[in-house]
Number of protein chains: 2
Amino acid sequence: MAEIPNHHDYNTTSERRRIQEDVPYLALDIGGSLIKLVYFSRREQSPEEEDNANLIKTLESTSHPVHGGWLHLVKFETREINQCLDFIKFNQLHSSQVGPQQKGIAAKVKVTGSGAHKFADLFMEKIGVTVEKKDEMDCLAVGANFLLKVFQHEAFTFIEGKKESVDIDENDLFPYLLVNIGSGVSIHKVTGDGDSEAVDGTRIGGIACWGLGRLLTKCKSFNEIVELSKYGNLKGIDLFVEDTFGDQKYVEKNAPPDMNIGSFGKAISENRTLEDCKAEDISLSLLEMISQNIGQIASLNARIYGIKRIFFGGSFIKDNTCALETLSSSVHYQTNGAAKAIFLRHEGFVGALGALMSYGNKHGLLIKDESQNVETTLKSTHEL
Amino acid sequence: MAEIPNHHDYNTTSERRRIQEDVPYLALDIGGSLIKLVYFSRREQSPEEEDNANLIKTLESTSHPVHGGWLHLVKFETREINQCLDFIKFNQLHSSQVGPQQKGIAAKVKVTGSGAHKFADLFMEKIGVTVEKKDEMDCLAVGANFLLKVFQHEAFTFIEGKKESVDIDENDLFPYLLVNIGSGVSIHKVTGDGDSEAVDGTRIGGIACWGLGRLLTKCKSFNEIVELSKYGNLKGIDLFVEDTFGDQKYVEKNAPPDMNIGSFGKAISENRTLEDCKAEDISLSLLEMISQNIGQIASLNARIYGIKRIFFGGSFIKDNTCALETLSSSVHYQTNGAAKAIFLRHEGFVGALGALMSYGNKHGLLIKDESQNVETTLKSTHEL
């Protein structure tokens, strides 16, 4: 654990004033495995502050200029919740809802995800903050609408190994299906601003993948599984048509020889033990199997609701070439080309941004620049 | 491998005559992991024959009286294909298509499943038989129609741990969804005799379960995984609402505390290695996760096609309490009670019986008793 400065280092009167003038807005999405923290502030971090902040162990940290300020996106592992609390304290983010006139009243912070419930007491105890719980399902749809309307080049397709930006026409966005792949998978039918419904989901998502992957490969993190998978070969562990039918002539005529017909099938056909298998092949097979399944369930829902665009978010797809490729081909195959898989660049922060948007109406935030139509639309319709 | 009698023991002229008079009809479904062999003969085995047949290692062997004869259902592991060939040879089943006048012409046997292609040469080489390949998808629907119309009490539901027979009204059978869970899973929309379409499927079926199970538990067979699962506890390895939300009051109000939200999730939340997990919990978690997923995909298809009865077959569900229970509850939950999961007692033999039915029209078989309407119906509509 990185050492962080003592309380008195930043708790001076002048520093307080500076922070009060800035009033950053903070929201979190605390999931089963990851914490996604987002905050909006009107000023950029100074290099000195950045250095200090770097002392805290984050999984990921980026800043983006948005209308009149900066949006900061930070990730932690849920089991490192104390690092996250230190980060909030160190950056004085928990003062966000306390104006100078409100001293003595506990600050409130918007939190979504299952951890909003689990860690509410810890937030009060460690940083004196009240957690305002936000419904996860609502936050996801709001966050996706925000990303698709505010960030240029937010959406992309992944075809033949290449990312390609998709232009989003705000007036032709709805309806779409949002598939958020985090620890679990939730599927939302989004039909307008503030108009969405969680219609399906599956338990075979990130946590099942990481759980199985950990037991099978000893990888210590989900990212490790994703990285390892890049060196894997499905033919080393899965069963393909060419392995099974044997009759080469038949295969050529009737079935693609490289069609995968059994994840982990070679464990059986070749009498393998775990020691006989390569960890990189196992990682790839797990990711492929789970992505294929999510693509299939999403596609079936798209068919039921007559929807043509499926947006995928959630940390599962981050830097996960196998997932991007498999989800794309699965949706194409399952819907006969009628629906398209599209991915969100800020995939992991959908829920947290939705929670952040809930400051919108009460405080006249998030994004002050009134000349932006986008913001106005979001503000007028998104009361969480 | 059991020793079987020498060729000359049963290859006498009188024995030949007996077999030729009987003319058993033989069909096989050779899948990725199991061989399902079915034959129809007009006489029961003598105790002596039965003893001899018992020398051959079968996984399962039952006989059923049907109109004017006996239907024999036998199972082998695909990797024990030589046992299966010995069984055919020993019982002289391969003479089925050779009448006395056809000496010198190689017998033909109807075979479905991927092994029909893979092992065709082996059949010729070892027992001098030509394999007549039958389309697997067609055979499954035909076999299910046969079972549902010919066998009384073939169908049952599984509710609160109890099997309950479902009466099938022949005139109100269609449409239904057939979900065959073998190595892979195929889903068929069956709208009439001889009228069916393979509409979906998933690769996460028996082979993925057995493959993962083998790597994780060292179980040597799929049955071992099923048996082990009966001593397992999902709470030992999966993540439940009560583990995740922490806030007991919230949970009681908003979510069932015993709702499973992450298969293998405790591997992560409790930093487990494979050695820290019980093989019986892993077996149960795998079966439950995979059954739940199949139930979900089947239900989504039922919704797409507006179908209310989903029949499940395939060896995966055999003696598999977890699968029966989970498929039932999954279908109920996913379709809001609109569709029902129903199971086939002869679950593993659906495809093989379909292949057997294809003898029907050419030879005036399978079932000779002309007083049976069922048979007439099947014969008139099922030309494979």
Side-chain angles (χ1 to χ4, degrees), chain A residues 32-33 78-79 114-121 133 183-184 200 202-216 218 222 237-239 241 244-247 250-251 260-269 271-274 277 282 289-290 292-293 296-297 300-301 303-304 334, chain B residues 32-33 78-79 114-121 133 183-184 200 202-216 218 222 237-239 241 244-247 250-251 260-269 271-274 277 282 286 289 292-293 296-297 300-301 303-304 334:
Chain A
S33 32
T78 302
R79 54 187 175 189
S114 58
H117 306 279
K118 188 165 188 172
F119 299 114
D121 291 347
K133 293 157 195 163
S183 293
D200 206 357
T202 161
R203 210 196 296 151
I204 311 183
I207 202 102
C209 186
W210 185 11
L212 280 167
R214 187 184 160 94
L215 297 180
L216 289 165
K218 302 199 168 88
F222 180 70
I237 188 120
D238 291 355
L239 260 189
V241 163
T244 313
F245 282 82
D247 179 342
Y250 171 83
V251 166
N260 192 332
I261 52 170
S263 297
F264 297 93
K266 287 212 173 85
I268 305 307
S269 67
N271 274 325
R272 303 258 195 93
T273 64
L274 194 49
C277 301
I282 291 177
M289 178 179 84
I290 288 173
Q292 200 286 326
N293 193 59
Q296 178 170 10
I297 290 175
L300 288 165
N301 277 281
R303 285 174 62 191
I304 287 174
Q334 289 280 334
Chain B
S33 32
T78 302
R79 55 187 173 188
S114 58
H117 306 278
K118 186 164 188 173
F119 298 114
D121 292 347
K133 293 158 195 163
S183 293
D200 206 357
T202 161
R203 212 198 294 152
I204 310 184
I207 201 100
C209 186
W210 185 10
L212 279 167
R214 189 186 158 93
L215 297 181
L216 288 165
K218 300 199 169 88
F222 180 70
I237 188 122
D238 291 355
L239 260 190
V241 163
T244 313
F245 282 80
D247 179 343
Y250 170 84
V251 166
N260 192 333
I261 51 171
S263 296
F264 296 94
K266 286 212 173 83
I268 305 309
S269 66
N271 274 324
R272 302 258 195 92
T273 64
L274 194 48
C277 301
I282 290 177
L286 268 180
M289 177 179 86
Q292 201 286 327
N293 193 60
Q296 177 169 10
I297 290 174
L300 288 165
N301 277 282
R303 284 173 64 189
I304 287 174
Q334 288 281 335

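Residue numbers begin at 1 in each chain, while the letters A, B, ... track the order of the sequences.
Counting heavy-atom pairs closer than 4.5 Å to chain A, the top residue among Ile237(B), Ile207(B), Asp238(B), Leu286(B) is Ile207(B). Chain A forms more heavy-atom pairs under 4.5 Å with one residue of Gly206(B), Cys209(B), Ser263(B) than with any other, namely Ser263(B). When each of Gly205(A), Ala120(A), Gly211(A), Ser269(A) is scored by its heavy-atom pairs under 4.5 Å with chain B, the top score falls to Gly211(A).
Residue Lys218(B) holds its NZ atom at 7.5 Å from OG1 of Thr273(A), rounded to the nearest 0.5 Å. Taken to the nearest 0.5 Å, the CD1 atom of Ile261(A) stands 6.0 Å off from the OG atom of Ser114(B). In this structure, Ile304(A) CD1 and Ile304(B) CD1 are separated by 5.0 Å, a value rounded to the nearest 0.5 Å.
Shortest non-hydrogen contact noted between Ala208(A) and Met289(B) is CB-SD, 4.4 Å. Heavy-atom minimum distance, Cys277(A) versus Leu215(B): SG-CD2, 3.8 Å.
Proximity to chain B (any heavy atom under 4.5 Å) is shown, for Ser183(A), by neither the backbone nor the side chain.
Ile297(B) is linked by a side-chain contact (heavy atoms from CB on, under 4.5 Å) to Asn293(A), Gln296(A), Ile297(A), Leu300(A), Ile187(B), Asp200(B), Thr202(B), Asn293(B), Asn301(B), counting only residues two or more places apart in sequence or in another chain. Asn271(A) pairs by the side-chain contact (heavy atoms from CB on, under 4.5 Å) definition with Arg79(B), Arg214(B), not counting sequence neighbours.
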- Item | side-chain contact (heavy atoms from CB on, under 4.5 Å) between Leu274(B) and Leu274(A), intermediate numbers included | CA-CA 11 Å; Leu274(B) 194 48; Leu274(A) 194 49; 3.7 Å; yes
